[in-house]
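Data first, discussion second: the structure below is written as structure tokens.
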Amino acid sequence: MQTVSSWTSFGGTLSVHDHDSEACHGVMRFAVYTPPQARNGPVPVVWYLSGLTCNWSNVMEKSGLQRVASELGLMVVAPDTSPRGADVADDEAYDLGQGAGFYLDATEPPWTPHFSMETYVAHELPALVGAHFPADMDRQAIMGHSMGGHGALTLNFRHPGRYASVSAFAPIVAPSKVPWGQKAFAAYLGDECAARGEHDACELVRRQPTGQMILIDQGEADQFLEEQLRPELFEAACREVGQSVTVRSHPGYDHSYWFIASFIEDHLRHHARALGTGD
């Protein structure tokens, strides 16, 4: 693992690292905010999964999370959204290929050699973080935005008991039913793949609801709300099976990081309560 950059922020450290990934067969980059409490021992970990076209920098540079994470003693880890590089398959469109890994393991060429994002986020990167950072891997939470909100929800259901809490900003909750997800699933998993439901939060919650309180924030002025996000489908699925969920709708807010910066504190406090570091 190589440290690319490091800065002091609110008494903690924001650092960026490269490493050779076995899951993605190439160099992957991720960022870690380590709070000042880590000087006294391991601290809980919150995973933040970013959306289409993004990487580690979006949330670390635009959300202002460091102030609250420092107060609450939370380590925040932001992986990249896909493998990258000249030898990695790509697509001309922004919603497929590099920058658009959808947090699943591809089973179709040309994506299979590198696009193993579920294995990377759920297994390889946690092992690396646990080995090299003062992280309490027995206390983990997960959150994300848009495609990353899809990833946070689906990985939470696919790995029961792993995360103490889950939350999302404007998540893609029903990828099997919206253009972004249908395009990605057809490419990565195949046109007729029965496993699509294994990566759809609406399907997963129906199969295995949890005792968690899920927090979702959604902007009413989000340009992708009606066609791509459709949070009402997840609310309905949760009602069917008794899953606790809070979906907060905010007039005037869009899909941008101005929206995320406005409510990131609420999400970190939601996780801190579940992880035992907040009120």
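Along the sequence shown, residues are numbered consecutively beginning with 1. For clarity, every value in this text was computed on a predicted model and none was experimentally measured.
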| query | For the residue pair A187 and W111, what are the closest heavy atoms and their distance? | reply |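 Answer, listing the atom of A187 first, then W111: O-CD1, 3.4 Å.
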| said: If I compare all heavy atoms of Y188 with all of G97, which pair ends up nearest, and what's the gap? | reply: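 So the minimum-distance heavy-atom pair works out to OH-N, 2.9 Å.
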| query | Heavy-atom count around E22 CD within 6.0 Å, excluding the residue itself: above 12? | reply |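 Counting other residues, nucleotides and ligands, CD of E22 stays at 12 neighbours or fewer.
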| message | Does W7, at its CH2 atom, have more than 12 non-hydrogen atoms belonging to other residues, nucleotides or ligands within less than 6.0 Å? | response |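 Atom CH2 in W7 is packed in, count exceeds 12.
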| message | Looking at F10, is its backbone amide N or carbonyl O close enough to the side chain of Q66 to form a donor-acceptor pair, meaning the two atoms are under 3.5 Å apart? | response |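 No: the side chain of Q66 does not pair with the backbone of F10.
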| query | Looking only at atom types and distance, does a side-chain atom of Y48 sit under 3.5 Å from a main-chain N or O of P79, one as donor and one as acceptor? | reply |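 No, because the side chain of Y48 does not come within donor-acceptor range (under 3.5 Å) of the backbone of P79.
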| query | Can you list the steps and then say if S165 with H270 is a side chain to side chain donor-acceptor pair (under 3.5 Å)? | reply | CA-CA 8 Å; S165 53; H270 166 77; 4.8 Å; no
What orientation do [X] and [Y] show, parallel under 30°, tilted 30 to 60°, or perpendicular over 60°?
| X | Y | value |
| --- | --- | --- |
| H17 | F133 | perpendicular |
| H267 | F169 | parallel |
| H255 | F224 | perpendicular |

| Out of curiosity, F157 CZ to L204 CG, how far, rounded to the nearest 0.5 Å? |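 Nearest 0.5 Å value for the CZ-CG distance: 7.0 Å.
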| CG/L74 to CZ/R269 distance, rounded to the nearest 0.5 angstrom? |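 Here the interatomic distance stands at 9.5 Å.
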| field | With S82, the side-chain contact (heavy atoms from CB on, under 4.5 Å) member among Q98, M147, H114 | value |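 Only one of Q98, M147, H114 forms a side-chain contact (heavy atoms from CB on, under 4.5 Å) with S82, namely Q98.
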| What residues, two or more places apart in sequence or in another chain, satisfy side-chain hydrogen bond (donor to acceptor under 3.5 Å, both in side chains) together with D20? |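 Scan of D20 (side-chain hydrogen bond (donor to acceptor under 3.5 Å, both in side chains), adjacent residues dropped) gives none.
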| Are a donor atom and an acceptor atom from the side chains of N58 and S50 found within less than 3.5 Å of each other? |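 No - no donor-acceptor pair under 3.5 Å links their side chains.
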